[in-house]
Amino acid sequence: MLDQKLIRSEPERVKAGVAAKREKVDIDAYLALDEERRNIIAQVDNLKAERNRVSREIADEKRQGADPEDKIKAMREVSAEVKEHDDKLRDVEAKIESLLMWIPNMPHSSVPVGRNEDDNKIIRHWGEKPSIAFEPVPHWDIAESLGLVDFSRASVIAGSNFALFKGKGARLVRALISFMLDMHTRKHGYTEIWPPSLANRDSMMGTGQLPKLEEDMYHCQVDDYFLVPTAEVPLTNIHRGDILDGKSLPIRYTAYSPCFRREAGSYGKETRGLNRVHQFDKVELMKFVVPESSYDELESLVGDAEEVLQALGLHYRVLLLCTGELSFAAAKCYDLEVWSPAQAKWLEVSSCSNFEDFQARRAGIRYRPAAGEKARFVHTLNGSGVALPRIIVAILETYQTGDGRLKVPDVLVPFMDGADVIE
RNA sequence: GGAGAGAUGCCAGAGUGGUUGAAUGGGGCGGUCUCGAAAACCGUUGAGCGGGCAACCGUUCCGAGGGUUCGAAUCCCUCUCUCUCCGCCA
């Protein structure tokens, strides 16, 4: 949610930001409602002030044994008028609220203006495309032939675009999760969390998945719960409604969670194998920080995620997303993409974003810099550290040996019962 | 799923219709005292919205949302959450 004072004072800037993000919201409608709201408040506050004043007089007079009948009668009318205005105000505020929920965050000034992925800026590469002396086999074939993943069983159990990991494949999933959590907790100073995988509507609003992306979520209608699309939702909402002690910042959380996405409208070969599945595993990184440090914290967050890829020896690149590619709530975002040798393309495995105070406003997360000072909104950041299935894609395709076997990346060997090869 | 109890400020905990944003205790912050600290004592300590250059003024908020009333933390209704017992269950 944007600061309403910003919309009021710099509407043109907000309109430009909305356009740069390729969103459509009627800012002028907001401004009109905002003015109407302030008019009503001015009137109703005066009426309430009168009512409060006279009600005190009534109390006094009654205590002295008088019967202030005419004052009570007059206030009855004032109260009726207050109610009328309050009803109108409630109506206007509901409209404002629903409009406000659809206004995206403004892009940071360092974000390149652009329409689509061609306008993203490549920041850096790490490693080289692996030189594979044979025709690399796509991961879905390796996974099946080594018995690591059973796609057909998964579709019997659930449906298309689900994965069932089996044997060493399941072990590889668990190994990666443990490896990543160990790194982030031991080396990068994150506190490990094991959150609920279902979240209520308020939480989904707080982080900005709702209302815009409701169609992308799995929804339990009976209880109005949503399956979380990312641990960002539970992690950010840990502090919904809190005023944090400034001394406790920055707060860094990491969590493994399954992630559920309907991926409505995604078809074809982009979705083959593990490229895009409805349920996947991810280790998430999340920070609550003071505004002054949030952009430095974003850089270090990206670094924390990159270190996972480096340790796994996977060739990757870092992209700075352009305005048109930026998600609804983000002010700035870096994507990490790993190289898939057999598919000869880049796969997104992490998005690291600074939301500034956008989520904090929606979710009411503030901090008090020092005792006695006014509470301010924190800045929130999160990023994948990293998402599993595509990492497995890259591992399978990068570490295939050409004779049907798979080398286990060195850092994972201890997590695989010492096995350095899967065959 | 059934029965009951509860939800008040940073924490604990009073308060059943009239200057109650809220007693009291603890904590925090400031001060006195002290070389310093502790103790003691004194003071102070919520947020949102609207208006104002500001000092400040008004208004709202005692789980959430409605209602009754001249007036609601206090009465009524709905919902959410927590706890206890029963049932069910990995």
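FYI, side chains are in, hydrogens and waters are out, and symmetry mates aren't considered; it's all heavy atoms of this structure. Naming: A, B, ... by sequence-line order, numbering from 1 per chain. This is a predicted model, so every value here is computed, not measured.
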| message | Please determine whether a side-chain nitrogen of the Lys or Arg among A:Glu232 and A:Lys282 lies less than 4.0 Å from a carboxylate oxygen of the Asp or Glu. | response | no

| note | Tightest non-hydrogen contact, residues A:Gly273 and A:Val277, listed as O-CG1, 3.9 Å

| query | How far, in whole Å, is B:A22 from B:A47 if one measures between their P atoms? | reply | 14 Å

| Within the pair A:Arg76 and B:U69, is there a side-chain N or O less than 4.0 Å away from OP1 or OP2? | no

| remark: RNA chain B nearest-nucleotide lookup for A:Tyr225 and A:Asn46: closer to the 5′ end is A:Asn46

| Are A:Arg56 and B:G71 close enough that a side-chain N or O sits under 4.0 Å from OP1 or OP2? | no

| query | Between A:Arg201 and B:C79, is there a side-chain N or O to OP1/OP2 distance below 4.0 Å? | reply | no

| request: Mind calculating the distance between CG (A:Asn52) and P (B:U20) to the nearest angstrom? | output: 14 Å

| message | Does B:G48 have its OP1 or OP2 closer than 4.0 Å to a side-chain nitrogen or oxygen of A:Lys374? | response | yes

| query | Think A:Arg366 has a side-chain N or O under 4.0 angstrom from the OP1 or OP2 of B:G48? | reply | yes

| task | Report which part of the nucleic acid A:Arg53 touches: base, sugar-phosphate, or nothing (heavy-atom distance under 4.0 Å, all strands). | result | nothing

| query | Which of these nucleotides, B:U59, B:C49, B:C70, is closest to any side-chain atom of A:Ala49? | reply | B:U59

| Where each pair must be Watson-Crick or G-U wobble with both distances under 3.5 Å, what dot-bracket representation of RNA chain B is obtained, with crossing pairs in [ ] and other-strand partners as |? | ((((((((.[[[..)..(.....]]]((((((.......))))))((((((....)))))).[[[[[..)....]]]]])))))))....

| said: With a 4.0 Å cutoff (strictly under), does any side-chain N or O of A:Ser79 reach OP1 or OP2 of B:U69? | reply: no

| query | What is the ring orientation for A:Phe288 with A:Tyr253, classed by angle as parallel under 30°, tilted 30 to 60°, or perpendicular over 60°? | reply | perpendicular

| field | A:Ile41 side chain, from C-beta outward: closest of B:G18, B:C49, B:G66 | value | B:C49

| Criterion side-chain contact (heavy atoms from CB on, under 4.5 Å) against A:His139, the qualifying member of A:Arg272, A:Gln343, A:Gln400, A:Glu144 | A:Gln343

| query | In terms of the nearest nucleotide of RNA chain B, which residue is placed more toward the 5' end: A:Ile58 or A:Arg63? | reply | A:Arg63

| said: From CD of A:Glu50 over to P of B:C70, roughly how many Å is that when rounded to an integer? | reply: 15 Å

| said: Side chains of A:Glu192 and A:Thr185 only: does a donor on one sit below 3.5 Å from an acceptor on the other? | reply: no

| Ring geometry between A:His184 and A:Tyr190 (parallel below 30°, tilted from 30 to 60°, perpendicular above 60°) | perpendicular

| message | Under 4.0 Å, counting only non-hydrogen atoms across every strand here, what does A:Lys73 touch: a base, just sugar-phosphate, or nothing? | response | nothing

| query | Is there a donor-acceptor contact under 3.5 Å linking the side chains of A:His379 and A:Glu297? | reply | no

| query | Among B:G50, B:C70, B:A47, which nucleotide sits nearest the side chain of A:Arg37? | reply | B:G50

